[in-house]
Protein chains: 2
Amino acid sequence: MGIADRKERDKEELRERILVAAKSLFLEKGVEKTSIRNIADRIEYSPGIIYHYFKDKNEIFHALHQGGFLQLMEKMQVLASVRNPMERLKAMGSIYISFAMENPDMYDLMFIKEAPLDHVFNSEHDHWKEGGGTFNYLRMTIDNCMEVGHFKGHEPEALSYMIWATVHGLVSLNIRKRCEVVLPHRQENIVADGLEEFYKILDRL
Amino acid sequence: MGIADRKERDKEELRERILVAAKSLFLEKGVEKTSIRNIADRIEYSPGIIYHYFKDKNEIFHALHQGGFLQLMEKMQVLASVRNPMERLKAMGSIYISFAMENPDMYDLMFIKEAPLDHVFNSEHDHWKEGGGTFNYLRMTIDNCMEVGHFKGHEPEALSYMIWATVHGLVSLNIRKRCEVVLPHRQENIVADGLEEFYKILDRL
DNA sequence: AAATGTAATTGAACAGTGTTTAAATTTCAA
DNA sequence: TTGAAATTTAAACACTGTTCAATTACATTT
């Protein structure tokens, strides 16, 4: 059955080539401004071929979207070695933010863009599996913090959401260029500075 | 000069009609999916006419964008009557969030969408005038809070950004449907609940 | 009232888009 | 070598933002 196998691999390889081309184009010029023809040009095939590998443009987006979460989860691995739960929580915030700042377009795809997410969520009623994993890890870390006496009087689910919202807010305002309202000489480091203010607060809870 | 005046008014009226049509279409189906032809259809003119009133589609977006900030600033007026700066800060957060939840598409246009913002910022080098106003008011409120002894050890500019990021994060994750990761029965009120957790924290600072 | 000049408006055209589909080509087992 | 199956293509469809020459409408002047 070696031949069937090779054909399988060839098919898989072309699918991969489409994804690589789509990713670089999406990150280069944005999802909306990347056309199917652009992608086809880059892999030197005709536009039609793409529809044999993906239902539509959204499905390409979705595939890349999933890849982004794998990347983020991988970065999060180091957290296992941080014993103190409060330190772990802060390290998690730093990893989240550095991922976002190092891969702003991918972050955009994962957490800000709206375009094809009906597809992501509604399909398979699996409640946005990729995002759920990281959120649950945050939630567990908050639980651990509470077990050792932090966050007294707080409600863990809503608190987790609030903390996520804070780090997301810090990076997403920056990515979408709403930082121009802060003093010009503070703009360059405003995300890190804002995170530091947040840590000052966490240290008191 | 009555005739020239009337023509002036007519011109202004058609401009307004374009904006009204564009706004309802943008909020109905999104900016990207609204075409110039859609707008022209709704006002019963030919597509070309729109380019006599606006340079391009971005300029229409920009005009609506400005309108949104007027709306928000108007809602903020009541804050003048809140004497206690810490209460004023919290009231500001509540107004911000209720504005966002009541006008999610307008909020999207103002703070989340990226599309035509190069235009908004780069033109006139005026540092995003509309957004700057509300941020400065937040910044002033933080200063007032510090004057009466709150936020000791904090840096006001970065703290203001962090607080804005938190409320923005709360609403923008919700608007872009990233809330499906929280427990299903908590989803409906997660923005309000998250805000409450934030207030619990502010009360201790 | 008729002619003129100007501003408003149109509709066709251009170059692009996502997607579908019939046809052509290639591949490969029998 | 043949014939069927899989792969790939090119053309078409209906859309997009934008431009622009031509037309229409109309206030002003003669």
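Protein chains get the first letters and strands the later ones, always in sequence-line order, with residue 1 at the start of each. All values reported here derive from a predicted model rather than from experimental measurement.
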Tabulated below should be each protein N or O lying under 3.5 Å from an N or O of nucleotides 9-14 of chain D; please produce it.
residue, atom, partner, partner atom, Å
dT9(D), OP2, S46(A), N, 2.9
dT9(D), OP2, S46(A), OG, 3.3

Of all the choices, dT19(C), dG17(D), dT17(C), which nucleotide is nearest to the side chain of Y51(A) once you look at every atom?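 The answer is dT19(C).
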Please verify the inter-ring angle class for F69(B) with F111(B); under 30° counts as parallel, over 60° as perpendicular, anything in between as tilted. perpendicular
Evaluate S98(A) against K75(A) for side-chain hydrogen bond (donor to acceptor under 3.5 Å, both in side chains), listing each step before the verdict. CA-CA 10 Å; S98(A) 72; K75(A) 275 199 93 167; 3.0 Å; yes
If you fit an axis to the five pairs at each end of the helix from dA1(C)-dT30(D) to dA30(C)-dT1(D), how big is the angle between those two axes, to 10 degrees? 30°
Any non-hydrogen side-chain atom of M86(B) less than 4.5 Å from a side-chain atom of F151(B)? yes
Evaluate the side-chain proximity of E147(A) to P85(A): yes if any heavy-atom separation is below 4.5 Å, no if none is. no
Using a cut-off of strictly less than 4.0 Å, decide whether N38(B) has a side-chain nitrogen or oxygen near OP1 or OP2 of dC15(D).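 No, because none of the side-chain N or O atoms of N38(B) sits under 4.0 Å from OP1 or OP2 of dC15(D).
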Can you pull out every salt bridge (charged side-chain N to carboxylate O under 4.0 Å, His left out) where at least one residue sits in residues 79-100 of chain B? Sequence neighbours excluded, please. E87(B)-K90(B), K90(B)-D203(B)
With sequence neighbours excluded, give me every salt bridge (charged side-chain N to carboxylate O under 4.0 Å, His left out) pair touching residues 34-49 of chain A.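 Residue pairs with at least one partner in residues 34-49 of chain A: E28(A)-R42(A).
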Would you please name every residue forming a side-chain hydrogen bond (donor to acceptor under 3.5 Å, both in side chains) with S46(A), sequence neighbours left out? none
Going by the rule side-chain hydrogen bond (donor to acceptor under 3.5 Å, both in side chains), which residues pair with Y107(B) if we only count those two or more places apart in sequence or in a different chain? Y96(B), H168(B)
Classify Y53(B) by what it touches in the nucleic acid, base, sugar-phosphate, or nothing, heavy-atom distance under 4.0 Å.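 Sugar-phosphate: the residue Y53(B), judged by heavy atoms under 4.0 Å, touches backbone atoms but no base.
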